[in-house]
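In what follows, every chain begins at residue 1, and chains take the letters A, B, ... in the order their sequences are listed.
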Protein chains: 2
Amino acid sequence: MSRTYHHGALAEAMVDEALERVRAHGADQVSLRSIAQALEVSPSAAYNHFADKDDLLRAVGACGLAALDERMSRVLAAHPADTTDDARARFSGLGRAYLAFAIDETHLFQLTFGPICAAKELPPEETGPFRKLISALDDLDRWGLLKPGSREGLDLTVWAATHGMATLLVEGAVPPEAVEPFIDSMARLIVRE
Amino acid sequence: MSRTYHHGALAEAMVDEALERVRAHGADQVSLRSIAQALEVSPSAAYNHFADKDDLLRAVGACGLAALDERMSRVLAAHPADTTDDARARFSGLGRAYLAFAIDETHLFQLTFGPICAAKELPPEETGPFRKLISALDDLDRWGLLKPGSREGLDLTVWAATHGMATLLVEGAVPPEAVEPFIDSMARLIVRE
DNA sequence: CATGAGATATGAACGCTGTCAATATTGGAG
DNA sequence: CTCCAATATTGACAGCGTTCATATCTCATG
């Protein structure tokens, strides 16, 4: 394996480098050429592995979705038992995890749910985060914790509210301190008692 | 006024041209140079009126916010009388107007609420759309139409849900047909009876 | 072991972009 | 009428994404 030619795993290396740069400075500030330079590779080398720049960014966006999913998985793992309290904690915990991701990984969040990735990615109802949210709602419903007659359309409403709150956080339109009041308000609207 | 030199009202003309192009193709596809060319003006002429490209785009974003505000104003004008039904209609109508704007003016919406404008623009609680939403909630409250104990934090929650739904529409993650079910679900969560 | 095919990287080039400095032209106030 | 501030131009710079022809490497097959 000569050191000067043929990187060997350029695709992964480029995604890694791009991921780091997106997290630090946002997708707009990332150039294909600078990534290639950092990897000591010519700019055009990328085109053996990605159709174009957006294709690479889409791969980075997929990492973002995976990272979010993992955060939410950790929440579920922390509340495995089947009690009503756990059902409540799972629901609010998932919301908190989603918003924490938006706060901690602002730039990555913007790429993952931005126009570049939205175009050619799977519909939300097939993503891990959305499915976890739905099953948390189903859980609440199973325990009779939802306000009567509110289940219909609730998936989308809760998803929209959470995602909307996340984008407001990301844009700086709302400070991080607003997260807990938001979760409380949501719970008050949805959960009985 | 010589025809070849000194445009006369370049600033407004550039905003108009940029607005048109953003609406048609999105802010990413709009270049300062192409706008200048369309106006038969040199590229650097823009820098007498705008600090940089983002500055121009921010002016376009302000137009977007104004357009949204006008849509919402029309809704309020259509339901002026003070009855409980009007209070309900104002609230759901404002939501519908917000989402219709997102659907009709996808690209403009993305610019107006995107990272470029979010940075240097006034906080949401001072914008027309947000204020109209709040006063619609106050109206519902005055008529005793809110579920008891739900008023606190409701501003932000409803704003987040509406804005989130709008971004989901804009990204194509959700089809326009999902709007009415969403409005219904929201109303069911918030409004009593 | 040699060979050729296919994957991978290179270098140079194209047209485009935002931005800036120096220069020229303009309209209007004194 | 003259001079000034506002406005526009020209020309240049560095950087971008992308493409094409070319070079090099790896590996399976004969």
Side-chain angles (χ1 to χ4, degrees), chain A residues 1-22 24-61 107 110-111 114-120, chain B residues 1-22 24-61 107 110-111 114-120:
Chain A
M1 188 186 302
S2 94
R3 200 107 295 294
T4 67
Y5 213 95
H6 191 310
H7 180 284
L10 227 204
E12 302 169 37
M14 293 204 81
V15 172
D16 288 352
E17 182 71 24
L19 176 59
E20 223 171 287
R21 282 160 185 260
V22 166
H25 306 108
D28 311 325
Q29 307 295 326
V30 173
S31 79
L32 218 52
R33 291 180 107 105
S34 69
I35 293 173
Q37 195 170 20
L39 266 47
E40 296 181 292
V41 147
S42 82
S44 44
Y47 291 83
N48 286 296
H49 308 275
F50 303 98
D52 54 15
K53 186 190 181 184
D54 284 2
D55 197 30
L56 168 59
L57 287 179
R58 249 174 264 125
V60 175
H107 293 127
Q110 266 165 333
L111 173 60
I116 296 175
C117 295
K120 196 58 190 170
Chain B
M1 186 186 305
S2 93
R3 202 114 290 301
T4 66
Y5 214 93
H6 191 314
H7 180 283
L10 227 203
E12 303 169 36
M14 293 204 81
V15 172
D16 288 353
E17 183 71 24
L19 176 59
E20 223 171 287
R21 283 162 186 258
V22 166
H25 306 108
D28 310 325
Q29 307 295 326
V30 172
S31 81
L32 217 53
R33 292 181 105 103
S34 70
I35 294 175
Q37 194 170 21
L39 266 47
E40 296 181 289
V41 145
S42 82
S44 43
Y47 290 83
N48 286 297
H49 307 275
F50 303 97
D52 55 15
K53 186 191 181 185
D54 284 2
D55 197 29
L56 169 59
L57 288 179
R58 250 175 261 125
V60 174
H107 292 128
Q110 266 166 334
L111 173 60
I116 296 174
C117 295
K120 195 59 191 170

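Shown here for B:Ala27 and B:Lys53, the closest heavy-atom pair between the two residues is O-NZ, 4.5 Å. Pairing each heavy atom of A:Leu111 with each of A:Cys117, the nearest pair is O-SG, 3.3 Å. Minimum interatomic distance between A:Gln29 and A:His25 (heavy atoms only, all atoms of both residues): CG-O, 3.2 Å.
For the segment residues 45-58 of chain B, the set of residues with a heavy atom within less than 4.0 Å of an atom of DNA chain D comprises B:Ala45, B:Asn48, B:His49, in numerical order. Residues of residues 14-22 of chain B that place a heavy atom closer than 4.0 Å to DNA chain C do not occur.
Judged as a side-chain contact (heavy atoms from CB on, under 4.5 Å), and not counting sequence neighbours, the contacts of A:Val15 are A:Phe50, A:Leu56, A:Ala59, A:Val60, A:Cys63. Checked against side-chain hydrogen bond (donor to acceptor under 3.5 Å, both in side chains), B:Ser31 has the following partners two or more places apart in sequence or in another chain: B:Ser34. With sequence neighbours excluded, no residue forms a side-chain contact (heavy atoms from CB on, under 4.5 Å) with B:Ala24. Take B:Ala13 and apply the side-chain contact (heavy atoms from CB on, under 4.5 Å) test, not counting sequence neighbours, and it matches B:His7, B:Leu39. Residues forming a salt bridge (Lys or Arg N to Asp or Glu O under 4.0 Å) with B:Asp55 (at least two apart in sequence, or on another chain): B:Arg58. Residues passing the side-chain contact (heavy atoms from CB on, under 4.5 Å) test with A:Ala118 are B:Glu171, sequence neighbours excluded.
Defining each end axis of the helix from C:dC1-D:dG30 to C:dG30-D:dC1 as the rotation carrying four pairs' C1' atoms onto the next four, with five pairs an end, the two axes are found to diverge by 10° to 10 degrees.
For A:Gln37 and D:dG17, the CD to C1' distance is 15 Å, given to the nearest whole Å. The distance from atom CG of A:Leu10 to atom P of D:dC25 is 16 Å, rounded to the nearest whole Å. When rounded to the nearest whole Å, the span between CG of B:Asp28 and P of C:dG18 equals 12 Å.
The closest side-chain heavy-atom distance from A:Asn48 to A:Leu10 is not below 4.5 Å. For the pair A:Leu32/A:Asp52, no side-chain contact is recorded, criterion being any heavy-atom separation below 4.5 Å from C-beta on.
When distances run from any side-chain atom of B:Leu32 to the nucleotides D:dT18, C:dT10, C:dG18, the shortest one goes to C:dG18.
Between the base of D:dT10 and the side chain of B:Ser44 there is a donor-acceptor pair shorter than 3.5 Å.
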Tabulate protein N/O versus nucleotide N/O from nucleotides 13-15 of chain D, keeping only pairs under 3.5 Å, one per line.
none

